[in-house]
Amino acid sequence: TTESPWARWSRGWTSEENRHGDLLNKYLYLGGRCDMRSVEVTIQHLITSGFNPGAQKDPYRGFVYTSFQERATKISHGNVGKLAREAGDKNLAQICARIAGDEARHEKAYQRFCTEILKRDPDGLLE
């Protein structure tokens, strides 16, 4: 593997995102209140179908997309955590707060990437 700063960041970010999914999956499994087979089938379909954020192999578009995506997941996990707390589920509230905190850190990083790109290549980023 490459040990460049970008490669290290990318592997760390990817592993954190994977950890979020694993944690939520385990929470659902251990809670026993949902059909885990349906969850697993849905995950399989999502991965098999793939996802295209419209970046068109343009890393600048990828950074912009990811900046907004990280903000959206931060807000979403934060809101689910609030609902969980109101419903008395302290464990889910704590899980969601931790994930929202990670997403906030990711958002800041991608915003910094975009800020730096704006300084170096504003026309490229804003195309």
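For the pair Leu118/Leu126, a side-chain contact is recorded, criterion being any heavy-atom separation below 4.5 Å from C-beta on. No side-chain heavy atom of Leu125 sits less than 4.5 Å from a side-chain heavy atom of Asp121. Between Arg11 and Glu3, the closest side-chain pair of non-hydrogen atoms falls below 4.5 Å. Side-chain contact between His106 and Gln69 is absent, with no heavy-atom pair separated by less than 4.5 Å. By the 4.5 Å heavy-atom criterion applied to side chains, Asp102 and Glu17 are not counted as neighbours.
The backbone N or O of Leu46 sits nowhere less than 3.5 Å from a side-chain atom of Ser49 that would complete a donor-acceptor pair. Between the side chain of Ser76 and the main chain of Ala72, no donor-acceptor pair closer than 3.5 Å is present.
Inspection of the His77 and Glu103 side chains reveals no N or O donor paired with an N or O acceptor under 3.5 Å.
The NZ atom of Lys119 sits 12.5 Å away from the SG atom of Cys114 when rounded to the nearest 0.5 Å. To the nearest 0.5 Å, atoms CG (Leu28) and OG (Ser38) are separated by 12.0 Å. Remark: Leu30 CG to Asn25 CG distance equals 9.5 Å, nearest 0.5 Å. A distance of 9.0 Å separates CZ in Arg98 from NE2 in His20, rounded to the nearest 0.5 Å.
Of all heavy-atom pairs between Cys34 and Val39, the closest is SG-CG2, 4.3 Å. A pairwise comparison of heavy atoms in Glu107 and Ser67 identifies CG-O, 4.0 Å as the closest pair.
Surrounding CD of Glu40 are more than 12 heavy atoms belonging to other residues, nucleotides or ligands, all under 6.0 Å away. No more than 12 heavy atoms of other residues, nucleotides or ligands sit less than 6.0 Å from atom CZ of Phe68.
Residues Phe63 and Trp9 keep their aromatic ring centres 6.0 Å or farther apart.
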| task | Check step by step if ring-ring contact (aromatic ring centres under 6.0 Å, His included) holds for Tyr110 and Phe113. | result | CA-CA 5 Å; Tyr110 281 97; Phe113 299 157; 5.1 Å; yes

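Ring planes of Tyr65 and Phe51: tilted class, angle from 30 to 60°.
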